[in-house]
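A short write-up of the structure that comes next.
Just so you know, ligand 1 is whichever comes first in the structure, and atom 1 is the first atom listed for that ligand.
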Amino acid sequence: MEKLPCEGCKGMCCGPVPVTEQELKKIKKKIKSMPLKKRLELENQNRYYGTCIFYDLDNDKCGIYEARPEICRVFGYHKNLSCFRKPELATKDNWNAKEKHVGILSLDFTWKYFK
Ligand code: SF4
Ligand code: SF4
């Protein structure tokens with residue numbers, strides 16, 4: 001699958017996203033497994049207003065990449081989740097969540113929840 005041109009984007013599309021119970025558990029595990037120094041560095045970064053609480057601005061990437069929610073994994077490749085920098089990659093049908101969402105990451109669930 002052709003890759004999205006995310007480098008240098010600084011998390012432009014990484015804002016509040018819906019999450020499931022299972023995804024929250026996975027993220028919690030990931031956060032708890034991080035070395036404290038790394039976790040604090042990620043938590044205390046100055047992000048743009050509205051940027052996802054896990055976006056690693058210093059390194060220009062998702063700070064919880066292996067544990068990121070499903071919607072982040074499929075972004076850019078579906079008609080209802082197209083990337084404006086490469087909309088031609090959005091060739092798949094509309095994306096529908098397989099499991100029920102329990103809230104919004106960055107809004108309902110902030111760093112406090114994951115520690
Ligand atoms: S998906 Fe698109 S908007 Fe999001 S970081 Fe990648 S290139 Fe940028
Ligand atoms: S979890 Fe990662 S990929 Fe998803 S919005 Fe946040 S920073 Fe972006």
Note: [X]-[Y] ion pair, threshold 4.0 Å (strictly below):
| X | Y | value |
| --- | --- | --- |
| Lys26 | Glu66 | no |
| Glu7 | Lys61 | no |
| Lys37 | Glu41 | yes |
| Lys86 | Glu2 | yes |

What's the shortest distance from [atom] to any protein heavy atom, and which residue and atom give it?
| atom | answer |
| --- | --- |
| atom 6 (Fe) of ligand 1 | Cys6 SG, 2.4 Å |
| atom 4 (Fe) of ligand 1 | Cys13 SG, 2.2 Å |
| atom 2 (Fe) of ligand 1 | Cys83 SG, 2.3 Å |

side-chain hydrogen bond (donor to acceptor under 3.5 Å, both in side chains) assessment of Tyr113 paired with Asp108: CA-CA 9 Å; Tyr113 176 85; Asp108 300 315; over 6 Å; no
Go through ligand 1 atom by atom and flag the ones less than 4.0 Å from a non-hydrogen atom of Phe75.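 So the atoms of ligand 1 that pass are 1 (S).
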Can you count the protein N, O or S atoms that lie less than 2.8 Å from atom 6 (Fe) of ligand 2?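 N, O or S atoms of the protein closer than 2.8 Å: 1.
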Please state whether Gly76 comes within less than 4.0 angstrom of ligand 1, counting heavy atoms only.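 Per 4.0 Å heavy-atom rule, Gly76 does not contact ligand 1.
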Look at the side-chain heavy atoms of Ile, Leu, Val, Met, Phe, Trp and Tyr, link any pair under 4.5 Å apart, and say whether Met12 and Phe75 land in one connected group.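 No, it is not one cluster - the side chains of Met12 and Phe75 are not joined through contacts under 4.5 Å.
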Can you say whether the rings of His101 and Trp95 are parallel (under 30°), tilted (30 to 60°) or perpendicular (over 60°)?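 It falls in the tilted class, 30° to 60°.
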Listed partners of Tyr48 passing ring pair (Phe, Tyr, Trp, His ring centres under 6.0 Å), at least two apart: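 Listed in chain order: nothing, the list is empty.
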Check: Tyr65/Asp56 side-chain N/O donor and acceptor closer than 3.5 Å: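 No - no donor-acceptor pair under 3.5 Å links their side chains.
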Please state which part of Cys9 comes within less than 4.0 Å of ligand 1, counting heavy atoms only: side chain, backbone, both or neither.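 Answer for Cys9: side chain.
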